[in-house]
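Since the structure comes first, as structure tokens, the remarks are kept for the end.
Just so you know, ligand 1 is whichever comes first in the structure, and atom 1 is the first atom listed for that ligand. All heavy atoms count here, side chains included; hydrogens, waters and symmetry mates do not.
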Amino acid sequence: MNTCGPRDVDLALVGGGGAASLVLAALDRHGVRDLRIAVIDPVHRRGQDRTWAFWDRPGSDLDPLLAASWPQVEVATPAGRRVLDLTPLRYAMLRSGPVYDRAAEAERRLGVRRIVAPVDALHDDGGHVTVRAGGEPVVRASWVLDSRPRSPRRPGRTNWLQHFRGWWLEADVPVFDPARAVLMDFRTPQPARGVSFGYVLPVSDRYALVEYTEFGPDLLTDAGYDAALAGYRDLLGLDPTRLRVREVENGVIPMTDGPFEARPSPRVVRLGTAGGATRPSTGFTFSAMHRQAEQVARALAAGRPPVPAPAYPRRHRWMDAVALRALAAGGVGGPEFFGRLFDRNPAERVLRFLDGASTPAEEVALMSSTRLRPMVAATAGDAVARLRARVDPTRRPAAWTVPPPVVGDRAGTDG
Ligand SMILES: Cc1cc2nc3c(=O)[nH]c(=O)nc-3n(C[C@H](O)[C@H](O)[C@H](O)COP(=O)(O)OP(=O)(O)OC[C@H]3O[C@@H](n4cnc5c(N)ncnc54)[C@H](O)[C@@H]3O)c2cc1C
């Protein structure tokens, strides 16, 4: 029984994963020292549990933490391979360990109180938020930043998953090109429903993360991921007898036009995937989390409420809903869709669009580079589905939740 009652803090971070780690680092960077802060998470995240890939401009606070970065990337389809020069941007890779270490250092400087417990309820009375964990009030906060994983408020019209398995491969001889990453390689066999691709993120000529990804409605089995990844390794011409799998990474990310509520009550702000930072058409999340962490820290440093701008503009969420619908209806093939985008636009424009930073004129150019008929059909289908859901809410899809990843036991074995 908690006899002393909940502790008063200015800011409670509920969930201490990617989004919260970036907020802690940003608060430290902005020299915030006078806030009472608590982090409540049943797990104190440390070490390698995921790898973040994203694009940005060189010279950010992330530079010292990066495992690798590339000014050029490759996009491959059965029709051909293109090398894209991303300048002035770059593609970059961060392993989670340095991000969590940076957050731990920030926690020490900020005097953060850690509570290792699962939060089961937040009660916002408009003036304060009571955070309950294990059935007890543990903290009373002026503001809560909540990044606990959750499903959208209601299912979307398209509810897909980005699901993947990656192997960190170590080779006996130089086999990777550390000068460039493979962003998307659509030469993989395409599933009956959905899109598949592989990618390669090399940190040296002998060490790389090689991943197999699908966008689609259903997960694979453990053996299915291994077979798909082995197939991609073979497609790359890598000799399995001269490779070792050093680590395995599995993940599932929502790809849905269902709404993620960023401000469920006056003093609760949702961040990360829970707050809508995951781009529905690609699953990329990191850049939006990083951008919002900076906005939150700036606001708090200036004595303002820690409320970031929405992760993506509304019109981008609509365009993503249309793109997802077109892909799910099968009218547009993934390799064709992404191939045309990159063939007909400068890489920087596509990447800024995916970050939600493009202008409407650029978006018209991007949209007109996709095949018109299926996109028009998807736009019309989306409009009709919205209307129907408004007129008759029972037409909305049944509940939808994001399943946990399929985790095998293959780490550390020979490739
Ligand atoms: C393996 C993997 C690789 C990814 N790679 C990329 C990538 O390359 N690029 C990209 O842009 N995005 C990527 N993503 C997507 C996204 O960037 C990550 O999922 C990111 O970690 C999301 O941050 P988050 O804070 O929303 O969630 P998380 O990092 O998952 O943090 C959520 C936290 O909430 C905690 N929690 C859970 N329940 C409770 C509770 N009841 N009370 C309190 N805390 C709780 C969890 O323990 C966890 O620490 C990847 C995702 C995964 C899973």
Side-chain angles (χ1 to χ4, degrees), residues 12-25 38-56 62 66-68 91-97 99-100 103 114-122 131-135 138-139 144-151 161-168 181 183-184 199-201 209 211-213 219 225 247-255 260 262 269-293 296 311-312 351 354-356 402-407:
L13 283 91
V14 172
S21 296
L22 294 175
V23 168
L24 289 166
V39 177
I40 310 120
D41 191 316
V43 182
H44 194 159
R45 306 242 152 231
R46 295 188 181 91
Q48 177 61 20
D49 62 17
R50 66 201 55 193
T51 305
W52 283 293
F54 58 96
W55 47 86
D56 71 349
L62 299 169
L66 294 181
Y91 200 48
M93 172 168 62
L94 253 179
R95 306 196 76 197
S96 56
V99 175
Y100 299 147
R114 253 288 157 178
I115 300 172
V116 181
V119 169
D120 34 54
L122 301 177
V131 179
R132 298 180 72 89
V138 289
V139 154
V144 165
L145 301 176
D146 183 5
S147 56
R148 286 172 294 166
R150 66 175 54 245
S151 300
L161 303 165
Q162 177 178 152
H163 52 104
F164 49 89
R165 174 166 294 174
W167 289 337
W168 276 96
L183 181 70
M184 288 174 152
Y199 65 79
V200 184
L201 303 179
L209 175 62
E211 223 163 276
Y212 173 83
T213 300
L219 303 186
Y225 285 112
E247 293 167 47
V248 182
E249 182 165 314
N250 299 289
V252 181
I253 303 174
M255 297 180 81
F260 286 90
V269 172
R270 291 207 185 118
L271 291 180
T273 299
T278 298
R279 184 91 208 219
S281 60
T282 61
F284 279 110
T285 311
F286 186 85
S287 296
M289 292 197 308
H290 186 233
R291 191 164 58 234
Q292 290 193 317
V296 162
Y312 304 103
L351 298 185
L354 295 178
D355 272 344
V402 178
V406 174
V407 178

>> So Ile253 and Phe164, do their side chains get closer than 4.5 Å, heavy atoms only?
In response: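 Side-chain contact under 4.5 Å: yes.
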>> Please evaluate residues Leu22 and Phe286 with respect to the criterion side chain to side chain contact (heavy atoms under 4.5 Å, CB included), reporting the C-alpha separation (whole Å), side-chain torsions for both, the decisive distance (0.1 Å), and the verdict.
In response: CA-CA 10 Å; Leu22 294 175; Phe286 186 85; 3.8 Å; yes
Quick one: look up the protein heavy atom nearest [atom] and list residue, atom name and how far away it is.
atom: atom 39 (C) of ligand 1; result: Arg148 CG, 3.5 Å
atom: atom 12 (N) of ligand 1; result: Thr285 N, 3.6 Å
atom: atom 7 (C) of ligand 1; result: Ala53 N, 3.4 Å
atom: atom 31 (O) of ligand 1; result: Gly17 CA, 3.3 Å
atom: atom 14 (N) of ligand 1; result: Ile253 CD1, 3.5 Å
atom: atom 13 (C) of ligand 1; result: Trp52 CD1, 3.7 Å
atom: atom 47 (O) of ligand 1; result: Asp41 OD1, 2.8 Å
atom: atom 27 (O) of ligand 1; result: Ser147 O, 4.3 Å

So, taking the atom named [atom1] in [X] and the one named [atom2] in [Y], what distance separates them when rounded to the nearest 0.5 Å?
X: Glu247; Y: Gln48; atom1: CD; atom2: CD; value: 5.5 Å
X: Arg270; Y: Leu145; atom1: CZ; atom2: CG; value: 12.0 Å
X: Leu66; Y: Arg95; atom1: CG; atom2: CZ; value: 13.0 Å
X: Ile115; Y: Asp41; atom1: CD1; atom2: CG; value: 11.5 Å

Looking only at heavy atoms, which two atoms of [X] and [Y] are closest? And how far apart?
X: Gln292; Y: Ala311; answer: NE2-N, 3.3 Å
X: Thr282; Y: Met255; answer: N-CE, 3.9 Å
X: Ala288; Y: Tyr312; answer: CB-OH, 3.5 Å

Quick check: [X] and ligand 1, any N/O pair under 3.5 Å apart?
X: Thr273; answer: yes
X: Gly18; answer: yes
X: Pro42; answer: no

> Which of these, Ser21, Pro149, Gly166, Ser96, has its nearest heavy atom closest to atom 37 (C) of ligand 1?
Replying inline: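 Checking each option, the heavy atom nearest atom 37 (C) of ligand 1 is found in Pro149.
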> Of the choices Arg50, Glu211, Arg165, which has the non-hydrogen atom that lies closest to atom 30 (O) of ligand 1?
Replying inline: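 Minimum heavy-atom distance to atom 30 (O) of ligand 1 goes to Arg50.
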For [Y], does its backbone N or O pair with a side-chain atom of [X] as donor and acceptor, under 3.5 Å?
X: Ser96; Y: Arg46; value: no
X: Arg279; Y: Leu354; value: yes
X: Asn250; Y: Arg165; value: no

At a non-hydrogen distance cut-off of under 4.0 Å, which region of [X] contacts ligand 1 (side chain, backbone, both, or neither)?
X: Phe164; result: side chain
X: Thr51; result: backbone
X: Ile40; result: backbone
X: Val119; result: both

At less than 4.0 angstrom from any non-hydrogen atom of [X], what atoms of ligand 1 do you find?
X: Arg45; value: 46 (C), 47 (O), 48 (C), 49 (O)
X: Asn250; value: 1 (C)
X: Ala19; value: 23 (O), 24 (P), 25 (O)
X: Met289; value: 17 (O), 20 (C), 22 (C), 23 (O)
X: Glu249; value: 1 (C), 3 (C)
X: Gly272; value: 26 (O)

> How are the rings of Phe284 and Trp55 set relative to one another: parallel (under 30°), tilted (30 to 60°) or perpendicular (over 60°)?
Replying inline: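 Aromatic pair Phe284/Trp55 classed perpendicular.
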>> Looking at ligand 1, would Phe54 count as a contact under a 4.0 Å heavy-atom criterion?
In response: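 No.
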>> Working note: Val248 + Trp167, criterion side chain to side chain contact (heavy atoms under 4.5 Å, CB included); need CA distance, chi angles, decisive distance, verdict.
In response: CA-CA 5 Å; Val248 182; Trp167 289 337; 3.9 Å; yes
